[in-house]
Novice: 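Sharing a structure below in C-alpha cells format, with a few things to ask.
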Amino acid sequence: MPVAIITGASKGLGRALAEGLAAHGWDLVLDARTPEVLQETAAGLLAYGTRVTAVPGDVTDARHRSELVAAAWKLGGVDLLVSNASALGAEPLVRLDALPLEGLRRALEVNVIAALALVQEALPLLRASGTGAVITVSSDAAAEAYETWGGYGASKAALDHLAAVLGEEEPGLRVWAVDPGDMATDLYAAAVPDDDDPRPTPASVVPAFLRLLDERPASGRYGAPSLLEGGR
Ligand SMILES: NC(=O)c1ccc[n+]([C@@H]2O[C@H](COP(=O)([O-])OP(=O)(O)OC[C@H]3O[C@@H](n4cnc5c(N)ncnc54)[C@H](OP(=O)(O)O)[C@@H]3O)[C@@H](O)[C@H]2O)c1
C-alpha cells in the first residue's frame, strides 16, 4: 500500500483528502494540533480498511515532524507528502497596515518553514519510493492581490516558489502546488466571518488531487477547479 503523510488532516480539505486517499487504498499518517478531533477523524477512516496513524502535534515543532516521518516509515515509507496545515496570520484577515507582524511570522513559520522542514525530513523516503510526490496546498491569494489577504498570500506565494524550485531540484519526484479554490471550511470562516456566500465543500475538490496522483503530470502549479474540468 502507498503511504501518505497529510498535515492538517483533522477537518476541512485535509480530512477530505484523507478520506479520498483511504478510499483508494492509501495508508495514512495524519496530524493536527487538537488530539480529540484528529482521533475522531482517524477512527472514521478505519472503515476503509487502510492503516491510519494519527500523530497529534504542531507542524512547527521539529520533534513532531520527525514523529510524522517515523510513523510513515513504520507503515513502509513515504510516497506522498501533503503540506496542507496552514495559518492565516490574522483572524479575521486585516489590511497590511494593521497586520500584526507576529501573525505574519506565524503564517511564514507554519505555511513555509514547517512545510520545507517536513519535506527535508521526508526526502530520503520520498526519493526511495520510486513514485514519490509532494503536494503543497496553495491559494489564489498567492497569485492575486486581494485586500486583506496580503500576509497569508505572501506566505503561500513563498510556498509556491519553494515547490517550483523543489520540482527542478528533484526530477525523480513530482512536486505539485495545488490551489484548491474557495471551500466552506473553518479556515475560510475565520478569515472572512462576514462572508456567508455558499462555497464548494472540500470533498468536491478531492477528485482534482486524485487526478494528479493518477496521471502524474509534470511538477508545477495546478488549480483544482481547472483539473476538475479536465484542464490543468
Ligand atoms: N478554505 C478555503 O477557501 C481555502 C482556499 C484556498 C486554500 N486553502 C488552503 O487549504 C488548506 C486547508 O485549509 P482548510 O480550509 O481545509 O482549513 P481547516 O478546515 O481550518 O483545516 C485546517 C487543518 O489544519 C490543522 N492545523 C492548523 N494549524 C496547524 C498546525 N500548526 N499544525 C498542525 N495542524 C494544523 C487544523 O487542525 P488544528 O486546528 O487542530 O491544528 C485542521 O486539521 C490550507 O493550506 C489553506 O490555506 C483553503
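Values reported hereafter were calculated over all heavy atoms of this structure, with side chains retained and with hydrogens, waters and symmetry mates removed. Just follow the structure's listing: the first ligand is 1, and inside any ligand the first atom is 1.
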Novice: Can you list, by chain and residue number, every protein residue with a non-hydrogen atom closer than 4.0 Å to ligand 1?
Specialist: G8, A9, S10, K11, G12, L13, D31, A32, R33, T34, G57, D58, V59, N84, A85, S86, R106, V137, S138, S139, Y152, K156, P180, G181, D182, M183, T185, D186, L187, Y188

Novice: If you measure from OG1 on T50 to CG on D27, what distance do you get to the nearest 0.5 Å?
Specialist: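 The CG atom of D27 is 6.0 Å from OG1 of T50, to the nearest 0.5 Å.
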
Novice: Starting at CH2 of W26, measure out to CZ of R51 and round the result to the nearest 0.5 Å.
Specialist: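 These two atoms lie 13.0 Å from each other.
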
Novice: So, taking the atom named CG in L30 and the one named CG in N84, what distance separates them when rounded to the nearest 0.5 Å?
Specialist: 10.5 Å

Novice: Can you measure from CG (L21) to CE (M1) and round to the nearest 0.5 angstrom?
Specialist: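 If we round to the nearest 0.5 Å, L21:CG and M1:CE are 12.5 Å apart.
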
Novice: Tell me whether the count of non-hydrogen atoms from other residues, nucleotides or ligands lying under 6.0 Å of CZ in R216 goes above 12.
Specialist: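 Enclosed: over 12 neighbouring heavy atoms sit under 6.0 Å from CZ of R216.
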
Novice: Take atom CD in E147; do more than 12 heavy atoms of anything else shown fall under 6.0 Å from it?
Specialist: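 No - once you tally the heavy atoms of other residues, nucleotides and ligands closer than 6.0 Å, there are 12 at most.
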
